[in-house]
2 protein chains.
Amino acid sequence: MKAGLKGKDLGKAIPKELPECMGAVASAVYLLILIAFIPFVFYKDIVAATSGGGNRDVVLTVTQIETGRFLQRFPHSKLGSYQSVLNTLQATTILGLADDILDLRWRHKFFIPAIACIPLLIVYYVDFGVTSVVVPNFLVPYMPNGARLIHLGPLYYAFMAAISIFAPNSINILAGINGLEVGQSLVIAGLLVLNSSLYLVPFPGNPILNNGYATRPHPATESHLMTLYLLLPFMGVSTALYIHNRYPARVFVGDTYCYVAGMTFACVAIMAHFSKTLLLLFIPQIFNFVYSVPQLFKIIPCPRHRLPRFNARTGLREPSVTKWEDRPPSKTLTAAFFLLERMRLIQLTIDPATNRISETSNLTLINLWLVWRGPLREDRLNNELLVLQIACGILGLFIRHTMAVLIFSMDNRGKYGERFPV
Amino acid sequence: MKAGLKGKDLGKAIPKELPECMGAVASAVYLLILIAFIPFVFYKDIVAATSGGGNRDVVLTVTQIETGRFLQRFPHSKLGSYQSVLNTLQATTILGLADDILDLRWRHKFFIPAIACIPLLIVYYVDFGVTSVVVPNFLVPYMPNGARLIHLGPLYYAFMAAISIFAPNSINILAGINGLEVGQSLVIAGLLVLNSSLYLVPFPGNPILNNGYATRPHPATESHLMTLYLLLPFMGVSTALYIHNRYPARVFVGDTYCYVAGMTFACVAIMAHFSKTLLLLFIPQIFNFVYSVPQLFKIIPCPRHRLPRFNARTGLREPSVTKWEDRPPSKTLTAAFFLLERMRLIQLTIDPATNRISETSNLTLINLWLVWRGPLREDRLNNELLVLQIACGILGLFIRHTMAVLIFSMDNRGKYGERFPV
């Protein structure tokens, strides 16, 4: 707070000044944990690759020792993956800090993750380079020669870059009430951990997950283990942050945390090849983004803050609105608004004097939830949105693991299944 | 400046408020350049390792493509080195930003580089793992069995960690006048570039550098090329920063830049195995540190700022002093001060009334230079100190390349010479 990083909590009867950017501290702690964890991730490999480590069968000649080249068996590509994730997250943190401190413009902020994800994509390129996607069964008849794979080439990199731009920004715009940024990140991380754990436990009698064998470990174990290495410490720092950020908030998280959280998810999804699964866990964020598009791209006016309005009399949150009094909406817009209202996707106020639309609720998932559920206290609102996130995520995972077999011809293909982004 | 990152320039007649931490911007630009440069460093390798890249002689089987494992020949350890340098520099930047914004305590700041250098040391461990140093000739007779190498083991890692702690902090404490932090970094970078270029040009007729052959490229070419990749962009951003930071300064650099600069030098020295050469380029910094020790460790009082005093009447800088009026120095200290004065290493003021020491000049190289050369204008002082830095550095390089043959039994030993930190 001494450094001027503070903000007013607009959702309280008596707005208090709270320290801002505390998510930057959480992110820094997270990065330090990841750095300090490197030796542990590779402990087994270091022991196997160095002479001192118990594998007495490896005889080292003097030349090998002198050239220092006796560590060939060390899994450099695994270390490379870990390092590239760390590089990407650190770049994200630096750019997020710049944003938090200097208050960048929206159009500059948007591309922050695009720059930060370069180290990740490069290592993906040299390590895997797989840019083909599996064609869904129902489309196979329409493919030339009945091909089951499409090679996307550079398009696939554009897809991955898009994911790393989308994930951080979508978390950043689904925000505005105490605890929601951190809460949703915790839910997504928890579901990803659940998803990755499915690959670690050798499910007896589940031939889909175990390639026909009852107890064989899944071939993608390594990459899902890496996911856990990255997500478990993330959940740790997020829980600590959530305790301070939940209603009534004692700190604000700032943009840095949102970027780092989203980028962590993008990184693990790209590294462990489950970017489509990730999108299933982002259903509320995707909805919120699509729903926000008219305001984000200024098709209809967008106020500086769209967070729900605090009603000082009831102490509850109500949908915030865009006012149309000075400049009524065009005919097309009016028709669209009435259609949306009929679908219960917006709240309209009609001025009885002119019979024109005077107010529309702002297009965010938080406001829409208030339109549906009525005024709610901030903590209740947050909890309900988190339950929605959990429900959507579990549904998503359920779809992914049961329906994939129907849509594609296989779920996780034996030896090299997970290399394809199913 | 809007974000509160500003400071007063104490060395001017009318102290103006200047933006602080502009070095953080330079560091961020430097990191972005390094990130964007990754594809170019490895372009040749990517072309050689991927199927699309012109090496038609590599026949790829379907299995190889499906498992995505056909990129085995890519130099992962080279990418690993580059990535670990990038990780270390990014961690340094993040911790430096934390310091600039939150004003950490000195005892916490000191260990910032120690944490940041972990990624570097780990990759050193798995990639090279060479922890032996060459024994100087004159010591060989005293070694057991006349050994020419000592295996330092963990001690060598402590040595590298010490270098990464020392380099950033020593640049940070040799500061206080416009342009000096950036200027000395530019000089050191320039000399390192010169040193590395020596290995790239095949000197005709220089059998020491070319292993007896007149035009064969040096075996350490690759690692010195890496040094240039890292140092040339660093010199670019530093030059830009110097233009704004030189007398009269329009911006301050902040701690982030000093840390990143020092860490860049430590990284290249560790990666390209010339840490002892680096120390030869740090002679003024080492002198300044040793000279400062009594004040840094509070053996004698240390004021908050030790930068030279501005004399408003003459417009020149004079040595700043520690006052002893309230508490005169002990007998031992007095004797030490008189000895130092006789060696012209300190300036004393003696109170004629009590015949006791009333003032001693602060123990920094900048003050000492003013003791020797008399009051100087700030830009003149800066330029003279930079000339000193250049002179010491060139002398150091000269010693390193001519005397090494005398002290050790070889300079750069043929095939694996550079693997040993000569």
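Side-chain atoms are counted along with the backbone in the values below, which use heavy atoms only and exclude waters and symmetry mates. Residue numbering restarts at 1 for every chain, and letters A, B, ... go by the order of the sequence lines.
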Output a table of donor-acceptor pairs, distance under 3.5 Å, between side-chain atoms of residues 27-41 of chain B and any protein atom two or more places apart or on a different chain; print 'none' if there are none.
residue, atom, partner, partner atom, Å
B:Ser27, OG, B:Gly23, O, 2.7
B:Tyr30, OH, B:Leu230, O, 2.6

Handout entry: Pairs of heavy atoms under 4.5 Å with chain B: top-ranked of A:Leu95, A:Ile94, A:Val25, A:Ile118
Key = A:Ile94

Problem - Criterion side chain to side chain contact (heavy atoms under 4.5 Å, CB included) against B:Gln83, the qualifying member of A:Ile122, A:Leu86, A:Leu79, A:Asn87 - result: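 Exactly one option meets the side chain to side chain contact (heavy atoms under 4.5 Å, CB included) with B:Gln83, and it is A:Asn87.
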
Handout entry: Approximate separation, where rounding is to 0.5 Å, of B:Ile101 CD1 and A:Ile101 CD1
Key =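 Separation between the atoms: 3.0 Å.
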
Exercise for the section: Examine whether an atom of B:Ile115 lies under 4.5 Å from a heavy atom of chain A, and if so say whether it belongs to the side chain, the backbone or both; otherwise answer neither. Expected result: both

Handout entry: For A:Thr256, all residues meeting side-chain hydrogen bond (donor to acceptor under 3.5 Å, both in side chains), sequence neighbours excluded
Key =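 A:Thr256: side-chain hydrogen bond (donor to acceptor under 3.5 Å, both in side chains) contacts with A:Asp100.
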
